[in-house]
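From a predicted model like this one, the values you see are computed outputs, not experimental measurements.
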Amino acid sequence: MATTVMDRIGRVFISLQQIKQLPQLLTQALPSVPGTVKDTDVPCYFRERYIHTGYRPLHQSWRYYFLSLFQRHNETINIWTHLLAFFVFLLKLYKFAESVDFVGDPHSWPLLILILSAMNYTALSATAHLLGGKSELCHYTFFFLDYVGVAQYQYGSAVVHFYYSIDERYYSSVKGIFMVVATFLSCLSCFGCCYGKYCNLTLPTCVRKVGQIVPSALAYMWDCTPLVVRFLSWSSASNDSAIIYHFGQVAFFLSCAFFFAAPVPESCCPGRCDFLGQSHQVFHVFLSCCTFSQIHAAHLDYVTRRQEYLSLHHSGDAAVCVRLYVITVIVCLLTVGGVLRKVRQVIENKAKTH
């Protein structure tokens with residue numbers, strides 16, 4: 001018996017040793033690639049404040065940037081935080097599909113929009129951080145698409161709050177305008193992010209932050225008004241299983257908004273958060289937690305508040321929400337195309353002057 005136990009312990013120890021050696025084995029298995037460089041070796045629009053090292057060199061092969069998924073650089077954590085979140089949301093969709101009829105029940109479509117929009121924004125964000133370092137044009141193209149992901153996720157947030165979480169009295173006040181305004185603000189958010197980054201070619205970083213934060217803040221405040229009304233009418237005696245998750249998503253969002261706006265902690269110790277500890281990495285984690293809480297809350301509302309939203313929405317309302325979602329994506333893509341043309345002109349003009 002003792003021999004068997006010791007044999008199992010030995011196997012566990014060997015397995016742990018192999019796991020510890022996994023990063024080294026991966027590095028040895030991958031072909032030799034260029035190392036990372038300092039901030040002074042890349043153009044200014046690639047640099048992040050207080051991040052001094054870990055930048056990947058420009059103009060390498062696509063294969064290099066794809067393989068950098070498994071290498072250590074200052075974007076590694078940004079890539080993996082949203083890549084892992086993508087698979088978590090995919091698993092969530094798979095689990096929901098076992099009990100939710102996403103095809104036959106139109107009232108489930110807002111929930112589906114939220115999950116798909118969450119998967120889209122995490123996938124586009126991971127792609128932007130992975131491939132955006134290849135060239136100046138690639139940088140702007142992929143991050144503009146990232147902003148499309150953010151905008152359509154904002155729409156997804158609005159549609160579940162309006163469809164499942166809204167109070168009857170508030171619904172009667174905004175039923176004709178809520179989703180139209182949400183669509184407009186989502187498109188405005190995409191434009192603000194894209195144009196702010198475009199202005200960053202010639203203006204300080206703070207301009208980009210204003211362009212990204214103000215429209216997104218307006219969109220979030222509008223999208224969350226059904227939750228605010230619900231919070232104000234909530235009492236501890238009420239049987240509302242989703243309310244704690246709605247509180248959680250708001251708390252997570254406010255936390256991630258702080259880390260998006262403020263370069264903390266890297267501003268306190270410049271150069272020491274080049275790989276791990278950047279504010280943007282913390283922002284990714286909190287945003288993923290916010291989205292997970294939101295999806296869980298929306299699913300609980302879909303299940304437990306069915307009588308409430310069936311009395312407010314007809315089956316055709318869900319189809320309208322789907323159409324507005326498609327319109328949001330199309331308008332955002334057109335916005336990206338327009339701003340990207342301006343970026344191309346700036347890049348071409350710079351190339352001519354050199």
| query | CG/Leu227 to OH/Tyr170 distance, rounded to the nearest 0.5 angstrom? | reply | 10.5 Å

| query | Taking Lys38 for the side chain and His52 for the main chain, is one N or O donor matched with an acceptor at less than 3.5 Å? | reply | no

| Side chains of Glu75 and Tyr65: donor-acceptor distance under 3.5 Å anywhere? | no

| field | Ring geometry between Phe260 and Phe283 (parallel below 30°, tilted from 30 to 60°, perpendicular above 60°) | value | tilted

| task | Check the side chains of Thr36 and Arg56 for a donor-acceptor pair under 3.5 angstrom, ignoring hydrogens and angles. | result | no

| field | Under 3.5 Å donor-acceptor, Ser61 side chain and Tyr64 backbone | value | yes

| request: Linking directly or through intermediates, with side-chain heavy atoms under 4.5 Å: list the remaining ILVMFWY members grouped with Leu276, chain and number order. | output: Ile77, Phe275

| Taking atom types as modelled and ignoring hydrogens, do the side chains of His246 and Gln249 form a donor-acceptor contact shorter than 3.5 angstrom? | yes

| said: Are Tyr220 and Phe253 an aromatic pair, judged by ring center distance below 6.0 Å? | reply: yes

| message | With side chain to side chain contact (heavy atoms under 4.5 Å, CB included) as the criterion, how do Thr291 and Tyr121 come out once you've worked through the C-alpha distance, each side chain's angles and the decisive distance to 0.1 Å? | response | CA-CA 11 Å; Thr291 306; Tyr121 94 75; 2.7 Å; yes

| query | Of His284, His139, His73, which meets ring-ring contact (aromatic ring centres under 6.0 Å, His included) against His129? | reply | His284

| How about Gln281 and Thr81: does a side-chain donor come under 3.5 Å of a side-chain acceptor? | no

| query | Are the side chain of Tyr245 and the backbone of Ser241 linked by a donor-acceptor contact shorter than 3.5 Å? | reply | no

| How many angstroms lie between atom OG of Ser255 and atom CZ of Phe286, to the nearest 0.5 angstrom? | 4.5 Å

| message | For Phe292, is there any backbone N or O sitting under 3.5 Å from a side-chain donor or acceptor partner on Gln294? | response | no

| request: Quick one: list whatever passes salt bridge (Lys or Arg N to Asp or Glu O under 4.0 Å) with Asp167, sequence neighbours left out. | output: Arg169

| Which residue, Thr328, Val336, Leu334, Ile330, forms the side chain to side chain contact (heavy atoms under 4.5 Å, CB included) with Cys332? | Thr328

| query | Residues two or more places apart in sequence or in another chain: which of them pass ring pair (Phe, Tyr, Trp, His ring centres under 6.0 Å) with Phe87? | reply | none

| message | Through direct or indirect side-chain contacts below 4.5 angstrom among Ile, Leu, Val, Met, Phe, Trp and Tyr, which residues connect to Leu232? | response | Val228

| task | Not counting sequence neighbours, list each pair that qualifies as a side chain to side chain donor-acceptor pair (under 3.5 Å) and has a residue in residues 181-195. | result | Gln154-Ser189, Ser189-Ser216

| request: Supply the atom-to-atom distance Ile347 CD1 to Leu137 CG, rounded to the nearest 0.5 angstrom. | output: 5.0 Å

| field | Spacing of Phe46 atom CZ and Asn74 atom CG [to the nearest 0.5 Å] | value | 11.5 Å

| task | Keeping to residues at least two apart or across chains, list the salt bridge (Lys or Arg N to Asp or Glu O under 4.0 Å) pairs with something in residues 258-274. | result | none

| said: Tell me the closest heavy-atom pair linking Lys350 and Thr353, and the distance in Å. | reply: O-OG1, 2.8 Å

| query | Does the side chain to side chain contact (heavy atoms under 4.5 Å, CB included) test come out yes or no for Asn120 and Val329, once each step is laid out? | reply | CA-CA 11 Å; Asn120 285 339; Val329 174; over 6 Å; no

| message | Going by side chain to side chain contact (heavy atoms under 4.5 Å, CB included), name the residues that satisfy it together with Thr122, two or more places apart in sequence or in a different chain. | response | His82, Ala85, Phe86, Phe89

| task | State whether the side chain of Glu348 and the backbone N or O of Gln345 hold a donor-acceptor pair below 3.5 Å, judged by distance alone. | result | no

| query | What residue pairs, at least two apart or across chains, pass salt bridge (Lys or Arg N to Asp or Glu O under 4.0 Å) with a residue in residues 316-341? | reply | none

| How far does NZ of Lys197 sit from SG of Cys199, to the nearest 0.5 angstrom? | 12.0 Å

| request: First locate atom CD1 of Ile166, then atom CG of Asp301, and finally report the distance between them rounded to the nearest 0.5 Å. | output: 12.0 Å

| Neighbour count above 12 (heavy atom, 6.0 Å) for Arg305 CZ | yes

| So which residues get pulled into Tyr50's cluster when ILVMFWY side chains under 4.5 Å apart are joined, directly or through others? | none

| said: Can you confirm whether more than 12 heavy atoms, excluding those of Ile244, are under 6.0 Å from its CD1 atom? | reply: no

| Donor-acceptor pair, Trp222 side chain versus Ala158 backbone, under 3.5 Å? | no

| field | Distance flag, aromatic centroids of His280 and Phe259, threshold under 6.0 Å | value | no

| query | When you measure from the side chain of Trp234 to the backbone N and O of Asp240, does any donor-acceptor pair fall under 3.5 Å? | reply | no

| Going through the checks in order, is the side chain to side chain contact (heavy atoms under 4.5 Å, CB included) test met by Phe144 and Val343? | CA-CA 11 Å; Phe144 284 173; Val343 170; 3.9 Å; yes

| task | Provide the full list of side chain to side chain donor-acceptor pair (under 3.5 Å) pairs with a residue in residues 102-118, sequence neighbours left out, each pair given once. | result | Asp105-Tyr302, Asp105-Arg306, His107-Tyr163

| field | ring pair (Phe, Tyr, Trp, His ring centres under 6.0 Å) partners of Phe252, counting only residues at least two apart | value | none

| field | Heavy-atom neighbours of Phe184 CZ exceed 12 at 6.0 Å | value | no

| query | Between the main-chain N or O of Tyr153 and the side-chain N or O of Ser157, is there a donor-acceptor pair closer than 3.5 Å? | reply | yes

| query | Any chance the rings of Tyr171 and Phe162 have centres within less than 6.0 Å? | reply | yes

| field | For Asp146, side chain to side chain contact (heavy atoms under 4.5 Å, CB included) partners two or more places apart | value | Ser125, Ala128, Phe143, Val150

